[in-house]
Amino acid sequence: MDAKHRIDIATPLLDWYDRHRRDLPWRAKPGETVDPYRVWLSEVMLQQTTVATVRPRFTDWTRRWPTFADLAAAGEGEVMAAWAGLGYYARARNLLAAARMIAAEHGGRLPDTEPALRALPGFGDYTAAAVAAIAFGRRAVVVDANVERVVARLFAIDVPLPAARKPIRAAADTITPAVRAGDFAQAMMDLGAAICTPKRPRCLLCPLNHACAAQAAGTPEAYPVRKPKAARPHRHGTLFWLQRGDSVLLERRPDKGLLGGMRALPTGPWSERPPLLADAPADADWRILDEPVTHGFTHFTIDLAVAVAHTGAASNKGEWWPVDRLDEAGLPTVFAKAADVVRRRA
DNA sequence: TATGCGTGGGC
DNA sequence: TGCCCAAGCAT
């Protein structure tokens, strides 16, 4: 598509954005100076996570660690606990690692170019482009799931994802302006969240409907095309609640893998069939509660039997945590659910 | 390119 | 209810 025939998307989109932009705690108001730390933190929190979930967590986080330097000086344990419940815990480890690299090697400031950002842990193509555009005003082609959807519809790109990424990015490049690139990126995302939604898009309200190939064809919901997903397998396991006095035994999970680096209740192997008391953390008079914990992860679902026992013996692994302060332990959701079951049934 | 990695809301 | 989806990254 040569320049003469390019449709000007940026002008009506930015005009729409100036009238409808959302007021979000990490977003500088018109005339305010953007804070790269806040932009970066918001982008990481928002990866695969909704604005409604992130908003209060962002406020709490920035109150506790207002700057790069504050975060770089924090301990890994407290950072992981502060992330509990947000999911994708590698994000928290990478966030801290990047903050420490910035403090040690970049004079306490985020680098302001895409390639330099891309080299930091936790920065992929999307986040590097988004921070370069939003925090530093650089022209960058910012493609997230919203932009994929909007662009796939604008140009009626019918290649199934993920192969569609390349043509979508090329098309996004043709409509990205040289100025206000950060606003343009945020406008595309606001449009995707409010107007160009996955189901029942509000095309009558869309500032780009005159230029949209999918809307012209009457089939906006058909885009983007996706390959069918594999069914999620179902697994079983056992989770151990070992109590000594008023405290329960917690472990820290290995850094890599599922729920990596997070505090947890001990669990046995997770497999096709219930393993019951395999891998119990102690010899004890275990009792299996009649209500299991059910939980869905991205790629499998699981039923966990809850085994409960009391002991007087010390344990050489893990930590004994007061049961009445368990909400301060920073447990991932599956273990917080288990604690609820024990409270009700044990 | 495919897979592993959480969680909560919408329908 | 169960499935879909979301401001992706690492390997």
Side-chain angles (χ1 to χ4, degrees), chain A residues 22 24-27 38-58 80 83-95 97-98 117-135 140 142-150 159-166 169 172 182 184-194 196-201 221 224 226-235 253-262 264 270 294-302 330-337:
Chain A
R22 289 178 287 180
L24 300 170
W26 47 87
R27 220 171 237 186
R38 295 168 69 87
V39 171
W40 167 47
L41 176 63
S42 72
E43 289 302 338
V44 174
M45 283 190 169
L46 287 162
Q47 287 166 10
Q48 303 289 287
T49 309
T50 59
V51 167
T53 297
V54 167
R55 195 194 286 260
R57 303 297 298 262
F58 178 88
M80 297 310 290
W83 200 270
L86 274 174
Y88 287 145
Y89 298 100
R91 294 185 292 174
R93 279 199 305 283
N94 288 331
L95 189 71
L117 290 165
R118 186 71 176 76
L120 292 168
F123 279 81
D125 288 341
Y126 164 76
T127 304
V131 171
I134 298 168
V142 181
V143 183
D144 75 324
N146 287 298
V147 176
E148 278 179 2
R149 186 171 58 255
V150 172
V159 180
L161 286 169
R165 297 250 154 78
K166 192 171 288 187
R169 190 190 185 286
F184 179 80
Q186 293 178 91
M188 289 286 276
M189 295 189 274
D190 276 16
L191 188 77
C196 196
T197 48
K199 305 290 180 191
R200 299 174 58 88
E221 249 185 58
R226 297 178 193 278
K227 290 208 291 195
K229 291 183 180 173
R232 284 196 297 183
H234 189 71
R235 296 182 186 164
R253 294 175 63 85
D255 272 344
K256 291 190 184 294
L258 189 76
L259 308 175
M262 299 301 288
W270 293 3
T294 63
H295 192 69
F297 292 99
T298 307
H299 49 296
F300 66 92
T301 59
I302 189 161
L331 292 178
T333 299
V334 63
F335 302 115
K337 281 186 185 175

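Residue numbers start from 1 in every chain, and the chains themselves are labelled A, B, ... in the order their sequence lines are given, proteins ahead of strands. Source: prediction; values computed, not measured.
- Between A:Ala52 and A:Thr49, it is A:Thr49 whose nearest contact on DNA chain B lies nearer the 5' terminus.
- The residue among A:Pro121 and A:Arg232 whose nearest nucleotide of DNA chain C is located toward the 5' end is A:Arg232.
- Counting any heavy atom pair closer than 4.0 Å across all strands shown, A:Trp26 reaches a base atom.
- The phosphate of C:dA6 has OP1 or OP2 within less than 4.0 Å of a side-chain N or O from A:Arg149.
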Would you sort out whether A:Met188 and A:Val142 count as a side chain to side chain contact (heavy atoms under 4.5 Å, CB included), showing the intermediate values?
CA-CA 9 Å; A:Met188 289 286 276; A:Val142 181; over 6 Å; no
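- When heavy atoms are screened at a 4.0 angstrom cut-off, A:Leu24 is found touching base atoms of the nucleic acid.
- A:Arg91 contributes a side-chain N or O that, together with a main-chain N or O of A:Val44, makes up a donor-acceptor pair within less than 3.5 Å.
- Note on ring orientation: taking the six-membered ring where Trp is involved, the planes of A:Phe297 and A:His295 are perpendicular (angle over 60°, cut-offs 30° and 60°).
- Both A:Ala84 and A:Lys199 lie close to DNA chain B; mapped to their nearest nucleotides by heavy-atom distance, the more 5′-ward contact belongs to A:Ala84.
- A:Gln47 pairs in a side chain to side chain contact (heavy atoms under 4.5 Å, CB included) with only one of the listed residues (A:Thr127, A:Asp144, A:Leu86), which is A:Thr127.
- Residue A:Ala145 is classed as a sugar-phosphate contact, given heavy-atom separations below 4.0 Å to backbone atoms only.
- Between the side chain of A:Arg22 and the base of C:dA7, at least one donor-acceptor pair of N or O atoms lies under 3.5 Å.
- Minimum interatomic distance between A:Arg118 and A:Asp125 (heavy atoms only, all atoms of both residues): NE-OD1, 2.8 Å.
- Here the P atom of nucleotide B:dT3 and the OH atom of A:Tyr88 are 15 Å apart, to the nearest Å.
- In this structure, A:Gln48 places its CD atom 10 Å from C1' of B:dC5, rounding to the nearest Å.
- Among the nucleotides C:dC9, B:dG6, C:dA10, the one closest to the side chain of A:Tyr89 is B:dG6.
- Side chain of A:Leu258, nearest nucleotide from C:dG8, B:dG6, C:dA7: B:dG6.
- In this entry the distance linking NE2 of A:His299 with P of B:dA2 reads 17 Å, nearest Å.
- Of the candidates C:dC5, B:dT7, C:dC9, C:dC5 carries the atom nearest the A:Lys229 side chain, counting heavy atoms from C-beta on.
- Rounding to the nearest 0.5 Å places OG1 of A:Thr49 at 8.0 Å from OH of A:Tyr88.
- In this structure, A:Lys227 reaches the B:dA2 phosphate: one of its side-chain N or O atoms is under 4.0 Å from OP1 or OP2.
- Within 4.0 Å of A:Gly192, counting heavy atoms only, lies no atom of the nucleic acid at all.
- Between the NZ atom of A:Lys166 and the C1' atom of B:dT1 there is a distance of 11 Å, rounded to whole Å.
- Remark: the A:Thr333 side chain and the B:dG8 base include no donor-acceptor N/O pair separated by less than 3.5 Å.
- Closest to the side chain of A:Phe300, out of C:dG8, B:dC5, C:dC5, is B:dC5.
- If you take CD of A:Gln186 and C1' of C:dA7, they are 10 Å apart, rounded to a whole angstrom.
- Between the CG atom of A:Leu86 and the P atom of C:dG8 there is a distance of 14 Å, given to the nearest Å.
- Whole-Å rounding puts the A:Leu331 CG to B:dT7 C1' distance at 15 Å.
- When the C1' atom of C:dA6 is taken as reference, atom CE of A:Met189 falls 13 Å away, rounded to whole Å.
- With both ends at atom P, the span from C:dA7 to B:dC11 equals 15 Å, rounded to whole Å.
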